[in-house]
Amino acid sequence: QVQLVESGGGLVQPGGSLRLSCTASGSIFSFNAMAWYRQAPGKEREPVATIQSNGNRMYKDSVKGRFTISRDTAKNTVYLQMDSLKLEDTAVYFCVAIHLADGYWGQGVRVTVSS
């Protein structure tokens with residue numbers, strides 16, 4: 001029905017940067033919003049950044065000024081540019097696409113920040 005494919009994760013040193021990408025495909029090609037969540041081992045999944053169809057953005061306080069979410073509507077792709085990465089950013093990051101009352105999730109991509 002809907003598939004979300006993430007890429008761009010990996011290992012990076014503190015202070016480094018990564019850019020995550022997520023492309024949606026399937027029977028739905030227009031979403032109300034797209035978002036990035038993350039989950040660290042032993043912790044609850046939490047929202048990191050959200051972008052609505054009108055372009056409005058919201059961020060978790062701890063990533064403001066460091067992360068930027070953007071979207072290419074024509075490509076059904078959402079990005080998360082992560083700069084000045086910290087050890088605390090280590091987690092599995094999930095792409096989420098929201099259509100009406102439904103949410104669709106990617107498989108997750110690992111981001112490891114380590115020296």
Should [X] and [Y] be counted in the same cluster of Ile, Leu, Val, Met, Phe, Trp and Tyr side chains packed under 4.5 Å apart?
{"X": "Leu85", "Y": "Val63", "result": "yes"}
{"X": "Val12", "Y": "Val92", "result": "no"}
{"X": "Ile69", "Y": "Tyr93", "result": "yes"}

Worked verdict on Phe67 versus Val48 for side chain to side chain contact (heavy atoms under 4.5 Å, CB included): CA-CA 9 Å; Phe67 290 12; Val48 178; 3.7 Å; yes

Salt bridge present between Asp61 and Lys64 (N-O < 4.0 angstrom):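 Looking at Lys64 together with Asp61, the answer is yes, because their closest N to O distance falls below 4.0 Å.
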
Arg110, CZ atom: more than 12 neighbouring heavy atoms under 6.0 Å: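 Counting neighbours around CZ of Arg110, 12 or fewer heavy atoms of other residues, nucleotides or ligands fall under 6.0 Å, so no.
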
Residue Glu46 excluded, over 12 heavy atoms near CD under 6.0 Å: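 Atom CD in Glu46 is crowded, with more than 12 foreign heavy atoms closer than 6.0 Å.
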
Does some side-chain heavy atom of [Y] sit less than 4.5 Å from a side-chain heavy atom of [X]?
{"X": "Pro47", "Y": "Trp36", "value": "no"}
{"X": "Val111", "Y": "Leu20", "value": "yes"}
{"X": "Thr73", "Y": "Phe31", "value": "no"}
{"X": "Ser114", "Y": "Leu11", "value": "yes"}
{"X": "Pro14", "Y": "Leu87", "value": "yes"}

Return the [atom1] to [atom2] distance between [X] and [Y], rounded to the nearest 0.5 Å.
{"X": "Ser62", "Y": "Asp89", "atom1": "OG", "atom2": "CG", "answer": "7.0 Å"}
{"X": "Asn76", "Y": "Thr23", "atom1": "CG", "atom2": "OG1", "answer": "8.0 Å"}
{"X": "Ser27", "Y": "Gln3", "atom1": "OG", "atom2": "CD", "answer": "10.0 Å"}
{"X": "Ser25", "Y": "Lys75", "atom1": "OG", "atom2": "NZ", "answer": "15.0 Å"}
{"X": "Asn56", "Y": "Ile51", "atom1": "CG", "atom2": "CD1", "answer": "8.5 Å"}
{"X": "Arg66", "Y": "Gln81", "atom1": "CZ", "atom2": "CD", "answer": "12.0 Å"}

Val109 vs Ser7, side chain to side chain contact (heavy atoms under 4.5 Å, CB included): CA-CA, chis, key distance, verdict: CA-CA 7 Å; Val109 60; Ser7 63; over 6 Å; no

Write down the atom of [X], the atom of [Y], and the distance for their closest heavy-atom approach.
{"X": "Cys95", "Y": "Met34", "result": "SG-CE, 4.1 Å"}
{"X": "Arg71", "Y": "Gln52", "result": "NH1-O, 3.1 Å"}
{"X": "Tyr59", "Y": "Thr68", "result": "OH-CA, 3.4 Å"}
{"X": "Tyr104", "Y": "Leu4", "result": "O-CD1, 3.0 Å"}
{"X": "Ala91", "Y": "Gln39", "result": "CB-O, 3.5 Å"}
{"X": "Thr90", "Y": "Val113", "result": "OG1-N, 2.9 Å"}

Exercise: do Ser17 and Asp83 side chains pair donor with acceptor under 3.5 Å: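 Yes, because at least one side-chain N or O of Ser17 sits under 3.5 Å from a partner of the opposite role on Asp83.
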
Side-chain donor-acceptor pair present, Arg45, Tyr37, cut-off under 3.5 Å: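 Per modelled atom types, Arg45 and Tyr37 side chains form no pair under 3.5 Å.
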
Trp105 and Phe94 aromatic ring geometry - parallel, tilted or perpendicular at 30°/60° bounds: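 Because their plane-to-plane angle is over 60°, the rings of Phe94 and Trp105 count as perpendicular.
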
Test log, rule side chain to side chain contact (heavy atoms under 4.5 Å, CB included), inputs Leu80 and Arg38: CA-CA 12 Å; Leu80 186 67; Arg38 69 185 183 188; over 6 Å; no

Side-chain donor or acceptor of Glu6 paired with backbone N/O of Gln107 under 3.5 Å: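 Yes, because the side chain of Glu6 sits within donor-acceptor range (under 3.5 Å) of the backbone of Gln107.
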
